[in-house]
Amino acid sequence: MPFTDTAPQGPIGVFDSGYGGLTILKEIQRQLPQYSYLYLGDNARAPYGTRSFEVVYRFTLEAVRYLFSQGCRLVILACNTASAKALRSIQQCDLPAIDPSRRVLGVIRPTVEQIGLTTRNGHIGLLATQGTVSSRSYDMEIEKIYGNRLTITSQAAPMWVPLIENSEALSPGADYFVEKYTSALMNADPQIDTILLGCTHFPMLYNKIRACVPPHVEILCQGGMVARSLADYLQRHPEIESRCLKENSCRYLTTENPEAFSRLAEMFMGKPVSVNHVAL
Ligand code: DGL
């Protein structure tokens with residue numbers, strides 16, 4: 001069904017399967033504090049990383065439609081798995097029917113555009129969900145932009161999102177799985193000089209990952225890159241920018257327990273957050 005609301009402006013929607021998109025939202029809010037944001041975490045159905053293409057697409061489309069129904073004109077899929085498996089279909093097949101004036105953007109393209117600035121020897125390592133790795137989205141984008149100047153070695157880390165979603169990111173028990181996947185990656189290509197955390201949840205394990213990787217290896221989180229790219233996008237698209245509400249505010253929605261969400265979100269965002277439950 002098309003959306004016909006006529007309100008001139010709405011918040012920028014930020015969507016993730018769960019808590020991971022907070023690592024993107026935090027940087028976006030830091031770089032672009034003037035806007036209003038509406039964050040939606042589908043915690044009840046996380047993780048997405050091991051789900052099929054069809055399921056990730058269906059869940060993501062439901063979330064996008066919900067954010068549109070709340071007035072969002074622009075939605076950021078702050079989730080690599082959803083960006084890899086659902087973004088193109090939503091942009092090409094669904095948006096024209098829903099409302100061609102609205103926009104949905106992902107996190108993979110802006111990340112790949114900026115990754116070449118960091119590596120010195122062209123050897124990139126990717127840590128991501130199984131879904132993102134199997135989609136080969138990063139391999140294809142890297143080839144499009146850099147040809148064979150960059151090589152990418154990918155390692156899925158399927159246990160990391162469940163650890164984070166279950167508030168175990170800081171526990172000593174997480175160390176085993178952090179070491180397991182980082183050493184598998186470095187063993188696969190010991191020349192890697194830049195590791196991309198290609199899952200928005202993974203910066204929540206940053207200190208543990210850092211401790212497992214040689215000091216000369218750069219570890220990139222996507223928040224700053226996505227925020228810079230969004231700022232640039234809004235500057236180039238005044239017709240979208242003028243429809244983004246500017247009240248310097250943020251509301252949070254979760255499909256799971258709002259109390260549990262606000263505990264973790266407040267810890268991560270460093271300020272009180274108001275969270276409501278929503279059923280998609
Ligand atoms: N934060 C997500 C990503 O960037 C999703 C993880 C998941 O739900 O498995 O891929």
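In each ligand, atom 1 is the first atom listed, and ligand 1 is the first ligand listed.
Of the options H237, R243, R103, a side-chain contact (heavy atoms from CB on, under 4.5 Å) to L74 is made by R103 and by none of the others. For the pairing with Y48, the side-chain hydrogen bond (donor to acceptor under 3.5 Å, both in side chains) check across T81, D16, D42, T129 returns one residue only, D42.
From the protein, the heavy atom lying nearest to atom 10 (O) of ligand 1 is T81 OG1, 2.7 Å. The closest protein non-hydrogen atom to atom 7 (C) of ligand 1 is Y48 N, 3.3 Å.
Contacts between D16 and ligand 1, counted as non-hydrogen atom pairs separated by less than 4.0 Å, involve the side chain only.
The option from N80, L197, I164, T132 that lies nearest to atom 4 (O) of ligand 1, judged by heavy atoms, is N80.
Taking any N or O of G49, backbone or side chain, at least one lies under 3.5 Å from an N or O belonging to ligand 1.
For the pair Y57 and K85, the minimum side-chain heavy-atom distance is 4.5 Å or more.
Note: W160 and F202 meet the aromatic proximity criterion, with ring centroids under 6.0 Å apart. For F268 and Y19, the ring centers are positioned 6.0 Å apart or more.
Of all the atoms in ligand 1, the ones that sit under 4.0 Å from a non-hydrogen atom of P47 are 7 (C), 8 (O), 9 (O). Of all atoms in ligand 1, listed by their number and element, those nearer than 4.0 Å to a heavy atom of S17 are 5 (C), 6 (C), 7 (C), 8 (O). Distances below 4.0 Å separate heavy atoms of T129 from the following atoms of ligand 1: 6 (C), 9 (O), 10 (O).
For R102 and F68, the positive end sits near the middle of the six-membered ring, less than 6.0 Å away and at most 45° from its axis.
Using 4.0 Å as the threshold, C79 has a heavy atom nearer than that to some atom of ligand 1.
Salt bridge R65/E62: absent, no basic N to carboxylate O contact under 4.0 Å.
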